[in-house]
S.K.: 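So that we are looking at the same thing, I have put the structure below in structure tokens.
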Amino acid sequence: MLAKAVPRPCSGAGRHGAPAARLWSVGVAGGPRRGGAGGRLVAADAGERMAGSEAVPVVAVAAGKQPVNGSAMADKFLTMCNTWCINIFVDVQSSKPTPPTWSLMEYEQQPGRKPCTDKNGLGIDKLVTSTVGKSTNVLWHDCPIGQFERQELLNQKGCVVWITGLSGSGKSTLACALSRELHSRGHLTYILDGDNLRHGLNRDLCFEAKDRAENIRRVGEVAKLFADAGLICIASLISPYRSERSACRKLLHNSTFIEVFLNVPLEVCEARDPKGLYKLARAGKIKGFTGIDDPYEAPSDCEIVIQCKAGDCATPKSMADQVVSYLEANEFLQE
């Protein structure tokens with residue numbers, strides 16, 4: 001009989017079967033097996049039984065330490081098992097070992113994973129953590145279901161449509177029109193609107209230069225996650241500085257960042273002034289307002305430019321169709 005430890009919903013070694021594996025030695029409650037070896041750690045499908053095996057609790061073995069008894073070590077081991085998202089069993093049969101369905105003790109080689117053997121020859125693979133920014137001891141964990149599988153499910157390629165332009169240029173209007181058009185064609189989108197995000201995710205940020213940069217960085221990271229999920233993410237923000245838009249572009253792979261510049265003259269935007277902000281900026285009641293006393297750096301190499309002049313502006317539908325045509329031509333949409 002097998003002892004099952006903490007089943008996880010995402011158990012499995014991968015889409016195409018198990019990787020080559022090296023089993024770890026572990027301690028078991030009541031002491032090590034005869035001959036000095038710990039019980040073999042194997043993995044099998046939930047509910048599977050192996051004849052001749054004895055159910056025992058699992059006690060963890062840390063690299064460089066001998067098998068010991070105790071709930072603290074067991075808890076540590078189960079925590080490690082949780083990290084790998086697999087169903088863990090212990091087979092303490094001392095004679096004929098039964099091969100497991102699969103084992104993930106020596107798992108697929110990924111960035112940040114470095115196999116090593118401790119002094120006692122237990123052959124334990126250490127998880128190598130890293131420091132990212134101010135975050136220490138972090139580890140990237142991959143799941144067998146990735147962007148490719150999600151895109152197949154959705155019949156589309158994940159990407160970020162980043163709409164930039166002055167306040168009042170029509171960014172939110174275009175974002176909604178584009179989302180509506182894609183939705184009508186059966187495609188899944190999500191809009192990241194600059195003002196909407198300041199109601200929650202970015203509510204702690206003001207409009208000073210440092211906070212504006214952080215605002216764009218956060219939106220870029222969230223947009224990247226949506227694209228990885230297979231969605232067409234539509235980000236609608238002034239995002240006035242080229243360097244910050246470029247940093248967001250670098251977060252994504254293979255031309256999946258599509259920059260759309262709403263090239264609307266300042267006088268047209270100021271005449272519209274849908275939120276009354278230009279009037280407040282001209283009166284000196286708002287400082288650092290883009291286009292008035294803070295610069296807007298127009299894109300120099302964007303994928304789409306939508307031109308608008310006084311008395312000659314395209315309808316939201318026609319602007320959305322222009323973006324959809326680009327997505328179709330570059331195979332982001334699969335009908």
Side-chain angles (χ1 to χ4, degrees), residues 6 8-14 19 24 60-65 72-86 88 104-118 124-150 158-160 162 190-194 196-231 233 235 237 239-254 256-257:
V6 193
R8 297 284 298 224
C10 56
S11 60
W24 289 13
V61 180
K65 297 183 181 294
M73 288 296 288
D75 287 344
K76 181 176 180 181
F77 180 77
L78 296 181
T79 299
M80 293 165 68
C81 293
N82 276 339
T83 301
W84 297 316
C85 294
I86 56 176
I88 299 296
L104 212 56
M105 299 311 101
E106 187 176 54
Y107 41 91
E108 296 169 300
Q109 295 299 312
Q110 297 290 343
R113 294 171 176 170
K114 181 181 179 183
C116 67
T117 303
D118 74 322
I124 297 177
D125 288 343
K126 290 182 180 178
L127 299 178
V128 178
T129 61
S130 59
T131 297
V132 181
K134 295 181 180 179
S135 299
T136 58
N137 301 314
V138 293
L139 176 73
W140 184 271
H141 180 74
D142 285 309
C143 185
I145 300 301
Q147 185 185 43
F148 177 80
E149 289 77 14
R150 292 187 286 270
C159 64
V160 174
W162 191 281
Y190 196 86
I191 297 174
L192 297 177
D193 182 85
N196 290 357
L197 291 169
R198 285 184 177 272
H199 282 76
L201 176 66
N202 295 334
R203 65 187 302 174
D204 59 323
L205 302 176
C206 68
F207 287 90
E208 295 177 358
K210 182 179 179 181
D211 278 7
R212 294 190 80 165
E214 174 61 13
N215 177 62
I216 299 304
R217 188 197 69 80
R218 290 184 191 180
V219 177
E221 290 287 356
V222 173
K224 173 186 174 182
L225 295 177
F226 274 110
D228 185 61
L231 276 68
C233 180
L237 305 96
S239 45
Y241 306 126
R242 291 192 196 99
S243 60
E244 292 163 7
R245 297 193 301 266
S246 177
C248 292
R249 179 185 292 273
K250 291 176 182 177
L251 292 173
L252 287 101
H253 306 290
N254 302 325
T256 53
F257 184 92

S.K.: Check side-chain contact (heavy atoms from CB on, under 4.5 Å) between Ser246 and all other residues, then give those that pass, not counting sequence neighbours.
M.R.: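 With sequence neighbours excluded, Ser246 shows a side-chain contact (heavy atoms from CB on, under 4.5 Å) to Lys250, given in chain and number order.
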
S.K.: Considering non-hydrogen atoms only, spot the tightest contact between Glu244 and Ala213 and give its length.
M.R.: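 Scanning both residues, the minimum pair turns out to be OE2-CB, 3.3 Å.
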
S.K.: Of all residues at least two apart in sequence or in a different chain, which pass the ring pair (Phe, Tyr, Trp, His ring centres under 6.0 Å) check with Tyr241?
M.R.: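 Tyr241 satisfies ring pair (Phe, Tyr, Trp, His ring centres under 6.0 Å) with no other residue.
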
S.K.: Applying side chain to side chain donor-acceptor pair (under 3.5 Å), name anything that partners Arg150, two or more places apart in sequence or on another chain.
M.R.: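 Only Asp228 meet the side chain to side chain donor-acceptor pair (under 3.5 Å) criterion with Arg150.
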
S.K.: Using the salt bridge (charged side-chain N to carboxylate O under 4.0 Å, His left out) criterion, which residues pair with Arg212? Sequence neighbours excluded.
M.R.: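 Residues passing salt bridge (charged side-chain N to carboxylate O under 4.0 Å, His left out) with Arg212: Asp294.
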
S.K.: List the residues meeting ring pair (Phe, Tyr, Trp, His ring centres under 6.0 Å) with Tyr190, not counting sequence neighbours, and say none if there are none.
M.R.: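 Tyr190: ring pair (Phe, Tyr, Trp, His ring centres under 6.0 Å) contacts with Phe226.
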
S.K.: Checking side chain to side chain contact (heavy atoms under 4.5 Å, CB included) for the pair Cys159/Phe257: CA distance, chi angles, key distance, verdict?
M.R.: CA-CA 6 Å; Cys159 64; Phe257 184 92; over 6 Å; no

S.K.: Hey, what do you get for CG (Leu231) to CG (Leu225), rounding to the nearest 0.5 Å?
M.R.: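 The CG atom of Leu225 is 11.0 Å from CG of Leu231, to the nearest 0.5 Å.
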
S.K.: Can you give me every donor-acceptor pair (side chain of residues 215-224, partner residue at least two apart or in another chain, under 3.5 Å) with its distance?
M.R.:
from   : atom 1 : to     : atom 2 : distance (Å)
Asn215 : OD1    : Asn202 : ND2    : 2.6
Arg217 : NE     : Glu214 : OE1    : 2.9
Arg217 : NH2    : Glu214 : OE2    : 2.9
Arg218 : NE     : Glu214 : OE2    : 2.8
Arg218 : NH1    : Leu201 : O      : 3.1
Arg218 : NH1    : Asn202 : OD1    : 3.3
Arg218 : NH1    : Asp204 : OD1    : 2.9
Arg218 : NH2    : Asp204 : OD2    : 3.2

S.K.: To the nearest 0.5 Å, how far apart are CH2 in Trp162 and SG in Cys248?
M.R.: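 It is 3.5 Å, given to the nearest 0.5 Å.
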
S.K.: Test your reading of the model: is there a side-chain donor-acceptor pair from Asp211 to the backbone of Cys206, 3.5 Å cut-off?
M.R.: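 Yes; judged by distance alone, with no hydrogens or angles, the pair exists.
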
S.K.: Which distance, rounded to the nearest 0.5 Å, do you find between the CD1 of Ile191 and the CG of Asn196?
M.R.: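 Reported to 0.5 Å precision, the distance equals 8.5 Å.
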
S.K.: Just do the side chain to side chain contact (heavy atoms under 4.5 Å, CB included) check on Cys233 and Leu192 with the steps written out, would you?
M.R.: CA-CA 7 Å; Cys233 180; Leu192 297 177; 3.5 Å; yes

S.K.: Rounded to the nearest 0.5 Å, what separation is found between the NE2 atom of His253 and the CD atom of Gln147?
M.R.: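 It comes to 7.5 Å.
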
S.K.: Taking all non-hydrogen atoms of both residues into account, name the closest pair between Leu252 and Ala227 and its distance.
M.R.: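 Smallest interatomic distance, heavy atoms only, reads CD2-CB, 3.7 Å.
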
